[in-house]
Number of protein chains: 2
Amino acid sequence: MTTPPPGARLAQELALPPDVRVTEAMREHCPLRDTLDRIGDRWTVIVVVLLRGGPRRFSDLQRATEGISRRMLTHTLRNLERDGLVTRTVHPCVPPRVDYALTDEGSSLTGPLTGLLHWSMRHHDHVRSSRQAYDSSRQEPDAGGPPA
Amino acid sequence: MTTPPPGARLAQELALPPDVRVTEAMREHCPLRDTLDRIGDRWTVIVVVLLRGGPRRFSDLQRATEGISRRMLTHTLRNLERDGLVTRTVHPCVPPRVDYALTDEGSSLTGPLTGLLHWSMRHHDHVRSSRQAYDSSRQEPDAGGPPA
DNA sequence: CCGAATCCGTAATGATACTG
DNA sequence: CAGTATCATTACGGATTCGG
């Protein structure tokens, strides 16, 4: 176990001293940023969830994901494979068959994702109503103003 | 307490029946997607973390966030305010002074974010080494090929 | 000081055609 | 079947300028 840098303990609770400055370097090297970049895109979470039930082949994943193009499915799977979250297995047969499966690391991602999902479900109504209130309050800041 | 739709229990654990199809509608109405869209961008998490220590004014946030432009800070804060995660308080003085603060909802977001951070820190080494292995295995699939 | 408005470059995504 | 290559479109973010 390596000795953590002085700021690690604070970072672990997402708390920072009030006078801290978030520098470019901190942003670039942040593990959380890496994760957010991965799961923040349009398809990654869906693919991970679909793979939770076990290995699935490429065309299977595409059929199960309405609207995804082969290009983006390939791209999404490549990124997951590159990060060691998914394995790619080519079966030497014709026509070709390629299976994708979650690694243990990939599977473990569902833990924090579930935490995020729970928060999202708990607060979804509030967020939606907040948005509606915000939008309607700016769309027509006045309603009885004399037109002429 | 409202009766959850049939799929909710499954969704809560991020598990889906093996034959499910993720439709466009499911993606569009997904609370998790909303959250990922919010925290997945470049600045939101930083701003939320900076606000954990208490209210801060606009220029203060900008100084504390290296590289952010006024445009993006405004944009980030607007989105957070619209979602009810941050409040905006204008002090009627000159020069103007505007304070931003986390709401309880916004503050509660740090819970799941911390979960994600912990996962990120635990797996960062593995992800980094996976990437390195993946990249180097494709950059030079051969190393002893006879050049001529 | 705190923004809004505009312009612009880059990156993400999608459509389509082609290949082993 | 499982991709790759290319092109078009869009979204995101940054720089600059102007206003209250």
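Chain A is the first sequence line, chain B the second, and so forth, proteins listed ahead of strands; every chain is numbered from 1.
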Open item on the list: Is it the case that the side chains of A/S107 and A/D104 hold a donor-acceptor pair, with the cut-off being a distance below 3.5 Å and no angle test?
Closed with: no
Task: Distance below 4.0 Å between B/R70 side-chain N/O and D/dG14 OP1 or OP2 - done: no
TODO: Using a strict cut-off of less than 4.0 Å between a Lys/Arg side-chain nitrogen and an Asp/Glu carboxylate oxygen, indicate whether A/D37 and B/R42 qualify as a salt bridge.
DONE: no
Open item on the list: Check the phosphate of D/dA11 against A/R42, side-chain N and O only, distance under 4.0 Å to OP1 or OP2. Yes or no?
Closed with: no
Task: A/F58 side chain, from C-beta outward: closest of D/dG13, C/dC2, D/dG3 - done: D/dG3
Task: A/T74 vs D/dA2: side-chain N/O to OP1/OP2 distance below 4.0 Å - done: no
Open item on the list: Please report the distance, rounded to the nearest Å, between CZ in B/R138 and P in D/dT4.
Closed with: 10 Å
Task: Out of D/dG3, D/dG13, C/dC1, whichever nucleotide has its closest atom nearest the side chain of B/S59 - done: C/dC1
Open item on the list: Do the side chains of B/R38 and B/D83 get close enough for a salt bridge, i.e. N-O under 4.0 angstrom?
Closed with: yes
Open item on the list: For a quick test of reading the model: is some side-chain N or O of A/Y100 closer than 4.0 Å to OP1 or OP2 of D/dC1?
Closed with: no
Task: Rounded distance (Å) that lies between atom P of C/dA12 and atom CD1 of A/I68 - done: 15 Å
Open item on the list: Rounded to whole Å, please give me the gap between CG in A/D37 and P in D/dG13.
Closed with: 10 Å
Open item on the list: Using a strict threshold of under 4.0 Å (side-chain N to carboxylate O), is an ion pair present between A/R131 and B/D34?
Closed with: yes
Open item on the list: I want to confirm an ordering. Mapping A/G67 and B/R63 to their closest nucleotides on DNA chain C, which one lands closer to the 5' end?
Closed with: B/R63
- [ ] Give a yes/no on whether any side-chain N or O of A/R71 is located under 4.0 angstrom from OP1 or OP2 of C/dA15.
- [x] no
- [ ] Return the value, rounded to whole Å, for the distance between atom CG of A/N79 and atom C1' of C/dT13.
- [x] 13 Å
- [ ] Provide, to the nearest angstrom, the distance between the CE atom belonging to B/M72 and the C1' atom belonging to D/dT16.
- [x] 16 Å
Open item on the list: Grouping I, L, V, M, F, W and Y whenever their side-chain heavy atoms are under 4.5 Å apart, do B/F58 and B/V94 come out in a common cluster?
Closed with: no
TODO: Take atom CZ of A/R27 and atom P of D/dG14, then tell me their distance rounded to the nearest Å.
DONE: 8 Å
- [ ] Consider the side chain of A/R57, meaning its heavy atoms from C-beta on, and name the nucleotide among D/dC1, C/dG14, C/dC2 that approaches it most closely.
- [x] D/dC1
TODO: Measure from NE2 on B/H75 to P on D/dA15 and round the result to the nearest Å.
DONE: 16 Å
Task: Nearest-Å distance for atom pair CD/P, residues A/Q62 and D/dA2 - done: 9 Å
